[in-house]
There are 4 protein chains.
Amino acid sequence: MPRTPEQFEKIREKMRKQIMNAALELFANEGYYTTSISKIAKAAGISKGLMYNYFDSKEELVMSLLKEGLNKLAELFDPNKDGVLTRDEFAFFVEKSFDAVIENPTYWRLYFSIMMQVGIYDMVKEMYASILKDTMQLLVDYYQKRGVKDPLGEALLFGAVMDGITMNYLLNPEMFPLEEFKQKVIDKFGYKN
Amino acid sequence: MPRTPEQFEKIREKMRKQIMNAALELFANEGYYTTSISKIAKAAGISKGLMYNYFDSKEELVMSLLKEGLNKLAELFDPNKDGVLTRDEFAFFVEKSFDAVIENPTYWRLYFSIMMQVGIYDMVKEMYASILKDTMQLLVDYYQKRGVKDPLGEALLFGAVMDGITMNYLLNPEMFPLEEFKQKVIDKFGYKN
Amino acid sequence: MPRTPEQFEKIREKMRKQIMNAALELFANEGYYTTSISKIAKAAGISKGLMYNYFDSKEELVMSLLKEGLNKLAELFDPNKDGVLTRDEFAFFVEKSFDAVIENPTYWRLYFSIMMQVGIYDMVKEMYASILKDTMQLLVDYYQKRGVKDPLGEALLFGAVMDGITMNYLLNPEMFPLEEFKQKVIDKFGYKN
Amino acid sequence: MPRTPEQFEKIREKMRKQIMNAALELFANEGYYTTSISKIAKAAGISKGLMYNYFDSKEELVMSLLKEGLNKLAELFDPNKDGVLTRDEFAFFVEKSFDAVIENPTYWRLYFSIMMQVGIYDMVKEMYASILKDTMQLLVDYYQKRGVKDPLGEALLFGAVMDGITMNYLLNPEMFPLEEFKQKVIDKFGYKN
DNA sequence: CATGAATGAGTCTTCATTCAT
DNA sequence: TATGAATGAAGACTCATTCAT
């Protein structure tokens, strides 16, 4: 008997995931340009042609990956959505952020490598910017409330620090004690009171 | 009358520079993989074939660029070579490092994008690591002398912060006030005393 | 409806033949190095890229051609596989060998030209050597049984003669009466009794 | 003081030899197509440009090599120029021919590899044919005088045998006892009487 | 005469994408 | 839906040859 539309949708969704998983793994480990569609298809256990049934192009595929990661990231911020960041939420955010990197280094490696590729990926930057804008405001308020002199500067610095730590960890996981850095960052950028 | 060896050497040196300048610009702005040898040759105003009279391969070209930048970088560290870092030298180093980025963002964009490329460029990582090792030791000593609890951790954190700031500046120069960050970093990681 | 694996196999087999035929013709008539992949593709009526769907490289292509011919050649020797060569089988072998050359001069021209190419093709030589070893032994026994003084030398000489005749025929088919040479060779190297 | 025209001529001749020697070695050992002009120039200890002062093209260079070898070969035939071949002269010719191969295998390897290359070969073919024509006639007369049934066929066969032996020796010098074959060939194709 | 920088056409090869089945 | 054969544009690289000095 024929499948219901819902079943079809489920199958499609599952296949999409399958392809994206394979692609993420390969892109992150072997690079975007050195990973061919053929390889991805093989890793995903499907034919090259079918790939294009799910993604219009290689570029769309990588964009989907980035978008997906981005959405996960967005959920980390201000979980209770009340527009105010408490000291505990700040600490929680730092911890969660690093945990995310530890749990899924592959994705973040992809993110950074793409971010540094100039040209095509300005689009991604916009996506990230729009997500980060709200969080930025939250942080600025946070620092202002604590009497920090240059709240915007401090917020930017904090973001840069998170990026720098993440990047260094990804480049050299076994040499870089990410776990220990959680507290260091919270102490240095959380402003107790 | 044939050219003298010196004349040939001069031609070679000049052309090498010409090619490397064109390549650096393109690699940094459009990425390593999306920049073709054709494009570089055209930008350098020469024929494709001539490129290979100066560099054995595209990879050797990019490596030469990185090596060159590396050597410039190396000169920044511990200028008086006495094996000890003073507070002033620390400040000087921070300022100089950021100045280097401001003056030559192209190179640093290349550096970061290559660093995040997987696979081929482990060699570059080793080169950088060997250069940075000494500086790392200098920093550890610096923090130890100032009674910082976890000197190695602090040194690593400092490095990560420098990287993060640089990266954010490169991605968004007009939004990221690198100049103002000099003092911030010195205050936060210089440990007065 | 997708094609069945069998259909795909059929397509592949047919196309492989098509490419190999075109390549054999060109390699043999214009030489390995002077025949470009482009030319082969055009002669086979396909795109350049498709070539690489069937053969990993130009070298693999020529190797496949040689292997194929080799296998055909192998079937000529000692057809009844009893390990002994009779006088009739000897005569039969000479005749068949020359017939093979007459019927498929293209292949043999390729074979000789590759054999004289230095460097890469030592591998081919090994393949041929391993095939010819058994036949050589057969011949040595043959001559020994007939009381020839230096059986190994005679066998080697016979081989050289076959090569020389073949080569001369290939270089100048209309001037070289290969057909008449069958009897001559049989008389001179067959040792009646 | 300026050199005399004769001195210039001498220098030119010497340089030509130098280049030809280097080229012969490389062509024979690494193949015509895989040997670049650059390599030859370096091996000859001169610049690429100067090469073209002595040879108009790579092709002219290889042709010169072949011509030179051809002339040496021609001297082997009918040394006393009386238009008649004696039994001793026949034997002498066989011995001398093989000695030439033993003494200068490099040249002969080149000769054979070029001979099997189509295209270029046709040009050389005529040169060889014209040289060999006289010798051929000599041989035909030789066999006719000795009552051989098919003198022309026998002469052709003899030529093919010489080629075959030479080729086998060149391909596998240590396995192929060329020295011993002298007598064998003389016995088999010299027709005592 | 002598050099090697410079050219440009040509080579092999790769790969995202399309399409007949 | 699913396959992989087929395409074609592009890429890295080579090399005989020319030419300014």
Side-chain angles (χ1 to χ4, degrees), chain A residues 3 8 11-12 15 33-42 45-61, chain B residues 1-5 7-12 14-16 33-41 45-59 61, chain C residues 1-5 7-12 14-15 33-41 45-59 61, chain D residues 3 8 11-12 15 33-42 46-61:
Chain A
R3 271 173 270 219
F8 272 124
I11 292 174
R12 269 196 81 79
M15 182 59 86
Y33 289 104
T34 45
T35 299
S36 69
I37 289 285
S38 273
K39 228 189 250 171
I40 296 170
K42 190 172 287 177
I46 60 166
S47 73
K48 243 183 318 185
L50 193 49
M51 272 256 354
Y52 285 85
N53 232 317
Y54 291 86
F55 299 92
D56 285 348
S57 68
K58 196 184 176 184
E59 192 175 330
E60 206 227 276
L61 173 53
Chain B
M1 251 138 295
R3 287 195 190 81
T4 65
Q7 284 175 307
F8 278 128
E9 194 48 49
K10 221 167 203 168
I11 292 174
R12 281 194 79 78
K14 197 185 144 198
M15 185 55 85
R16 233 185 116 87
Y33 288 106
T34 43
T35 299
S36 70
I37 290 286
S38 270
K39 232 187 254 174
I40 296 172
I46 59 167
S47 72
K48 235 183 327 181
L50 191 53
M51 267 270 343
Y52 290 88
N53 214 322
Y54 290 86
F55 299 93
D56 285 347
S57 66
K58 195 182 173 185
E59 193 174 332
L61 173 53
Chain C
M1 250 139 297
R3 288 194 189 84
T4 65
Q7 285 174 305
F8 279 126
E9 194 48 48
K10 222 168 204 167
I11 292 174
R12 281 195 79 78
K14 197 185 145 198
M15 184 56 84
Y33 288 106
T34 43
T35 299
S36 69
I37 291 285
S38 271
K39 232 187 252 173
I40 296 171
I46 60 168
S47 71
K48 238 183 322 183
L50 191 53
M51 269 269 341
Y52 289 87
N53 215 322
Y54 290 86
F55 300 93
D56 286 347
S57 66
K58 196 181 172 185
E59 191 174 332
L61 173 53
Chain D
R3 272 171 272 217
F8 274 123
I11 293 173
R12 270 196 81 77
M15 182 59 85
Y33 289 105
T34 45
T35 299
S36 68
I37 289 285
S38 273
K39 228 189 251 171
I40 297 171
K42 190 173 287 176
I46 59 165
S47 73
K48 244 183 317 185
L50 193 50
M51 274 255 354
Y52 285 86
N53 232 316
Y54 292 86
F55 299 93
D56 285 349
S57 68
K58 195 184 177 185
E59 192 174 330
E60 206 228 275
L61 172 54

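Order of the sequence lines fixes the chain letters, A, B, ..., with proteins taken first and strands second; residue numbering starts at 1 for each chain.
Nearest nucleotide to the A/I37 side chain, out of E/dA5, E/dT17, F/dC13: E/dT17. Comparing atom distances between the B/I11 side chain and each of F/dC13, E/dA5, E/dT17 picks out E/dA5 as nearest. Checking F/dC13, F/dA2, F/dA6 against every side-chain atom of C/Y54, the shortest atom distance belongs to F/dA6. You'll find that the side chain of D/L50 is closest to E/dA2, out of E/dA16, F/dC13, E/dA2. Comparing F/dC13, F/dT17, F/dG4 against the side chain of A/K48 picks out F/dG4 as the nearest. If you check E/dA2, F/dA20, E/dA16 against the side chain of B/R3, the one that comes closest is F/dA20.
A close approach under 4.0 Å does not occur between any side-chain nitrogen or oxygen of B/Y52 and OP1 or OP2 of F/dT14. Residue C/K58 places at least one side-chain N or O closer than 4.0 Å to OP1 or OP2 of E/dC12.
When side chains are defined from C-beta on, B/Q7 counts as touching B/T4, because their heavy atoms get closer than 4.5 Å. Taking the side chain as every heavy atom from C-beta outward, D/N53 and D/M15 never approach each other to under 4.5 Å.
Positionally, the nearest nucleotide of DNA chain E for B/M15 lies more toward the 5' end than for the other of C/G49 and B/M15. In this structure, B/D56 and C/N53 both approach DNA chain F, and ranking their closest nucleotides by distance from the 5' end singles out C/N53.
Residue-level contact check: A/S36 touches the backbone only, with heavy atoms under 4.0 Å from sugar-phosphate atoms and none from bases. Using a 4.0 Å heavy-atom distance criterion, B/T4 is classed as making no nucleic acid contact. Nucleic acid contact class of A/R12 (heavy atoms, under 4.0 Å, all strands): sugar-phosphate only.
Remark: D/L61 CG to D/E59 CD distance equals 10.5 Å, nearest 0.5 Å. Atom CZ of D/F55 sits about 9.5 Å away from atom CD1 of D/I40, to the nearest 0.5 Å.
F/dA20 and E/dT3 make up a base pair, with Watson-Crick or G-U wobble contacts both under 3.5 Å.
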